[in-house]
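Okay, so here's the structure we're looking at.
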Amino acid sequence: MKFFCFICGFLLLTLVDSATNVSTTPAHTVEAPTTLHPVTTLTPEQECAARNSSCEECLKLAKCLYCKSSGQCTPYPVGKVLPPSSVCQLDHARWGVCWLNFEALIISMGVIGGLIIVVVTVCICCCCCCKDNKKKYAKEDEKWERKKADRKEKANEKKAERRAKTDEIRRKYGLVKEDNPYERFENA
C-alpha cells in the first residue's frame, strides 16, 4: 500500500511540477491591498536544506529528495524523471519513503509494467482465440447434426425396406392378415 501511495505521489508531483512550469497569463489582474505585510516564501532549496536532520523529516515534503550517502536533503530535480548521478546515486536516493531507493523502484516498476503488458496481451489473445473457437465449434456441431440426420434417414429407409420384404414374404406364404371386411361363415 505504501508503495502504491509512493508511486501515486511521484506521478502527482511530476504532473504538478510540469503544470507549474507552463507560463500562463491571467485575463485580468487584481491588485493586492497595500495594507498587507509582505510574506517571504522560501525557495525549494531552502525548504529542503531546513530538513537535513533525517530521512523521514526530509521526505515529509514531497519536493525534497534525500541522499542517504551524503545525508543531504535536496530539492527533487523536476526537469528529469530520475535524479542525475551528480545529485545522488540511484541506490542512495530516497523519495517518498526512506526504505525504497530509486534503483529498486526502477526494477520493480519495470517488472510490474511487464506483467501488466503480458496479462493484457494474454487476455486479448484468449478473447480473440475463443471467438474463433466458438465459430469453429458451431461449424463442427452443424456438421455432426447433418451427419446424424443423414444416418437417421438411411436407417428409416432400411427399416422400410426390411418391413416391405417381410410383408412380401408373409403374403407369399399366406401369413398376412389382410384387412378384409368380409369373413367366412362357418357352419356349426
Side-chain angles (χ1 to χ4, degrees), residues 1-22 24 55-56 59 62 65 68 76-85 88-188:
M1 185 65 185
K2 288 182 181 179
F3 182 71
F4 178 75
C5 292
F6 169 73
I7 297 303
C8 290
F10 179 74
L11 293 173
L12 183 63
L13 179 70
T14 306
L15 288 173
V16 168
D17 285 338
S18 66
T20 56
N21 288 341
V22 176
T24 58
C55 178
E56 288 80 15
L59 297 182
L65 168 77
K68 198 168 188 177
Y76 190 88
V78 292
K80 303 186 182 202
V81 176
L82 298 175
S85 59
C88 189
Q89 295 292 326
L90 287 179
D91 58 341
H92 296 290
R94 305 288 192 266
W95 182 78
V97 290
C98 290
W99 54 269
L100 182 67
N101 63 33
F102 269 98
E103 196 170 44
L105 175 68
I106 293 169
I107 293 169
S108 60
M109 290 304 292
V111 169
I112 291 170
L115 286 174
I116 289 172
I117 290 171
V118 167
V119 167
V120 168
T121 304
V122 166
C123 289
I124 289 172
C125 289
C126 287
C127 290
C128 293
C129 293
C130 289
K131 185 186 281 187
D132 291 340
N133 283 342
K134 287 180 184 177
K135 290 178 184 177
K136 178 181 172 184
Y137 292 138
K139 287 180 182 178
E140 285 183 14
D141 288 344
E142 184 180 318
K143 179 180 166 184
W144 282 106
E145 289 297 323
R146 272 190 269 122
K147 284 185 177 183
K148 184 178 175 183
D150 289 344
R151 281 183 289 202
K152 192 171 186 177
E153 186 179 319
K154 286 180 183 178
N156 287 339
E157 287 174 5
K158 286 184 179 182
K159 189 175 182 181
E161 286 176 14
R162 283 193 304 267
R163 185 174 289 138
K165 284 183 183 180
T166 305
D167 288 345
E168 188 178 316
I169 291 172
R170 284 185 182 155
R171 265 190 243 112
K172 180 178 178 183
Y173 292 104
L175 301 173
V176 175
K177 289 186 179 179
E178 293 182 18
D179 293 334
N180 192 355
Y182 304 108
E183 291 185 15
R184 270 189 194 181
F185 287 108
E186 291 184 20
N187 292 338

Any heavy-atom pair between the side chains of [Y] and [X] that's under 4.5 Å?
{"X": "N101", "Y": "R94", "value": "yes"}
{"X": "V97", "Y": "L59", "value": "no"}
{"X": "F102", "Y": "V81", "value": "no"}
{"X": "L90", "Y": "I106", "value": "yes"}

If you measure from [atom1] on [X] to [atom2] on [Y], what distance do you get to the nearest 0.5 Å?
{"X": "I112", "Y": "I117", "atom1": "CD1", "atom2": "CD1", "value": "12.5 Å"}
{"X": "K172", "Y": "D167", "atom1": "NZ", "atom2": "CG", "value": "14.5 Å"}
{"X": "E56", "Y": "W99", "atom1": "CD", "atom2": "CH2", "value": "13.0 Å"}
{"X": "K68", "Y": "C88", "atom1": "NZ", "atom2": "SG", "value": "11.0 Å"}
{"X": "E157", "Y": "K154", "atom1": "CD", "atom2": "NZ", "value": "8.5 Å"}
{"X": "K159", "Y": "K152", "atom1": "NZ", "atom2": "NZ", "value": "10.5 Å"}

- Task: Looking only at non-hydrogen atoms, find the nearest pair between P77 and P83 and report the distance.
- Result: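 Smallest heavy-atom distance, with atoms named: CG-CA, 3.8 Å.
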- Trace of the side-chain contact (heavy atoms from CB on, under 4.5 Å) decision for K139 with K143: CA-CA 6 Å; K139 287 180 182 178; K143 179 180 166 184; over 6 Å; no
- Task: Inspect the contact between E142 and R146 and indicate whether a charged nitrogen and a carboxylate oxygen are less than 4.0 angstrom apart.
- Result: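 Salt bridge: yes.
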- Query: Is the CD atom of E140 crowded by more than 12 outside heavy atoms at less than 6.0 Å?
  - Reply: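 Check passes, neighbour count above 12.
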